Number of protein chains: 2
Amino acid sequence: MSDKTPREIISRRNRPAKAALSRDIIVSTALGILQKDGLSGLSLRRVATALDTGAASLYVYLANLDELYSLMLDRALASVMLPEAGNRPWRDRLKKYLVSYLHVLYERQGLAQLAMSTIATGPNSLRMWEVLLGLLKEGGVDDARLVWGVDMLLLYVTAIAAEQSNWRATGQDFGRVGSALATLSAEQFPLVYALFQGGRFSGIGDGDARTQWALDVIIDGIKANHNSF
Amino acid sequence: MSDKTPREIISRRNRPAKAALSRDIIVSTALGILQKDGLSGLSLRRVATALDTGAASLYVYLANLDELYSLMLDRALASVMLPEAGNRPWRDRLKKYLVSYLHVLYERQGLAQLAMSTIATGPNSLRMWEVLLGLLKEGGVDDARLVWGVDMLLLYVTAIAAEQSNWRATGQDFGRVGSALATLSAEQFPLVYALFQGGRFSGIGDGDARTQWALDVIIDGIKANHNSF
DNA sequence: ACCTGAACACCGTTCAAGT
DNA sequence: ACCTGAACACCGTTCAAGT
């Protein structure tokens, strides 16, 4: 008799009494699910199930799904690598930092998509602004254009990450033109046609070279327009 | 007797025998709903209800929701205004064209969001590529950088539209920093703090001047990097 | 060929009720 | 104060059955 009932009792107590909910483990669990199944696989109900509870329980810690998104994003941004304070020129450090941000977004399925539609709240987003403002300032951009410049860099890199994530997710690959290229008429669209025939579209997804080029474009552009008030 | 039954028959026949479904009216109806209620208000079930049928009926004309998105986007792009072939410089025409694209995205709630996550298919997207390639070519950008340049311009403008739509939708307004600015510590984030105190963030949402500046940044940057192979 | 109702497997969010 | 089950009002998609 004393051998039978303990089994059940132990099986209940052994899982550590439900692991105590908190914002922190909710966000961690959610990021785990995002990593594994992407944004479409993420739901409050799945997070709740993973935490062995019901979706309603999460509302003690979260106002709604949007708040979870916002918290997830800021948490993920913690792993953007700070540039070493070394003696490399500011432009190299700036690009490296932005590429690190790009990688953080790109490596977790769906995070870039989330970053495009969510306004990041919290310390890690602020720290990114601080770092980027510092680097542009070091590059000689004056105060009047600093904020616009940082916003532009962040927005564009976020957009690249979202676009590339999209290609990866859908298997599509040649830019925003999509499969329309297949049914291309030389008379209607001579320029697109010529460039397509010339293979100019095929390598559009070549992430790294293109990203480097694009960052140089923006940085040079900002430098050229930084005091045009 | 002959007076009673007709009523019911007429009431069925008067609604024009169900208006005959087609891809076209499905897309139009969907764009109407998007216009009115935004992306979150759009669903296949709502489109179906508006067309006085069930959601399952739409699957004769659409593979899935994603295809509807794609069709909606291309349809909407039809109203991007072509630049007049006049004698204005290419840069002005390019900027005007991109601003027209921005407005098309911005004016319909949720369309920008849709454009960020959907690869446009169809003739209108191709026509935009054709126009933009032509304008950059006229500006002297060489073939090696044309495709990257157009992709960059389109991606950035799409991203601006999505960001600004987001601000409008949420009432938020100061860039990607969000409400974190309220709890700002001068020691941890001196640069952000100083610029915030100086009011540099408050006008970040000033759409038009900022957009013009950003387009000049990219165009100048492309010109500066257009033959760096 | 086109349309439909019903079903399936999901959602976010609320709320009364429990501890 | 925290957690829960059940309910509400939704989703996209499939499929057998009708015309």
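Every chain is numbered from 1 and lettered A, B, ... according to where its sequence line falls, protein lines coming before strand lines. Computed from a predicted model, the values in this text were never measured in an experiment.
For residues 53-82 of chain A, the set of pairs meeting the salt bridge (charged side-chain N to carboxylate O under 4.0 Å, His left out) definition, not counting sequence neighbours, comprises A:Arg23-A:Glu67, A:Asp24-A:Arg75. Applying the salt bridge (charged side-chain N to carboxylate O under 4.0 Å, His left out) test to every pair with at least one member in residues 101-129 of chain A, sequence neighbours left out, gives no pairs at all. The stretch residues 111-125 of chain B participates, sequence neighbours left out, in no salt bridge (charged side-chain N to carboxylate O under 4.0 Å, His left out) pair at all.
Closest approach of A:Gln212 and A:Lys95 over heavy atoms only: OE1-CE, 2.8 Å. Closest heavy-atom contact between B:Ala115 and B:Thr158: CB-CG2, 3.7 Å. Pairing each heavy atom of A:Ala55 with each of A:Arg45, the nearest pair is CB-CG, 3.9 Å. Counting all heavy atoms, side chain and backbone alike, A:Met81 lies closest to A:Tyr97 at O-CD1, 3.2 Å.
The A:Arg46 side chain lies nearest to C:dC11 when the options are D:dC2, C:dC11, C:dC2.
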Legend entry - Stepwise side chain to side chain contact (heavy atoms under 4.5 Å, CB included) check, A:Leu191 with B:Leu146: CA-CA 10 Å; A:Leu191 293 171; B:Leu146 272 179; over 6 Å; no

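At the phosphate of C:dT4, OP1 or OP2 sits under 4.0 Å from a side-chain N or O atom of B:Ser57. For A:Ser43, a side-chain nitrogen or oxygen approaches OP1 or OP2 of C:dC11 to under 4.0 Å.
One atom, CD1 of B:Ile26, and another, P of C:dC2, lie 12 Å apart when rounded to the nearest Å. Here C:dC10 presents its P atom at 15 Å from CG of A:Leu42, a figure rounded to the nearest Å. In this structure, the CG atom of B:Leu58 is 11 Å from the C1' atom of C:dC3, given to the nearest Å. B:Leu51 places its CG atom 13 Å from the C1' atom of C:dC3, with the value rounded to the nearest Å.
With the 3.5 Å cutoff on both pairing distances, Watson-Crick and G-U pairs in DNA chain D assemble into runs of at least 3 at C:4-8 with D:12-16, C:12-16 with D:4-8.
Here the straight-line distance linking atom OG of A:Ser28 with atom CE of A:Met72 works out to 10.0 Å at 0.5 Å rounding.
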Inset, instruction - Spell out protein contact along nucleotides 13-19 of chain D as letters: B when the base is contacted, S when just the sugar-phosphate is, - when no protein heavy atom is under 4.0 Å; keep the 5' to 3' order. - result: BBB----

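One P atom belongs to D:dA9, the other to C:dA9, and the distance between them is 23 Å to the nearest Å. Only the C1' atoms considered, D:dC8 is 12 Å distant from C:dC11, to the nearest whole Å.
No donor-acceptor distance shorter than 3.5 angstrom exists from the side chain of A:Ser100 to the backbone of A:Lys96, with no hydrogens or angles considered. Remark: the backbone N or O of B:Gly122 is not paired with any side-chain donor or acceptor of B:Ser125 at under 3.5 angstrom.
For the contact set between residues 31-40 of chain A and DNA chain C, defined by any heavy atom under 4.0 Å, there are no members.
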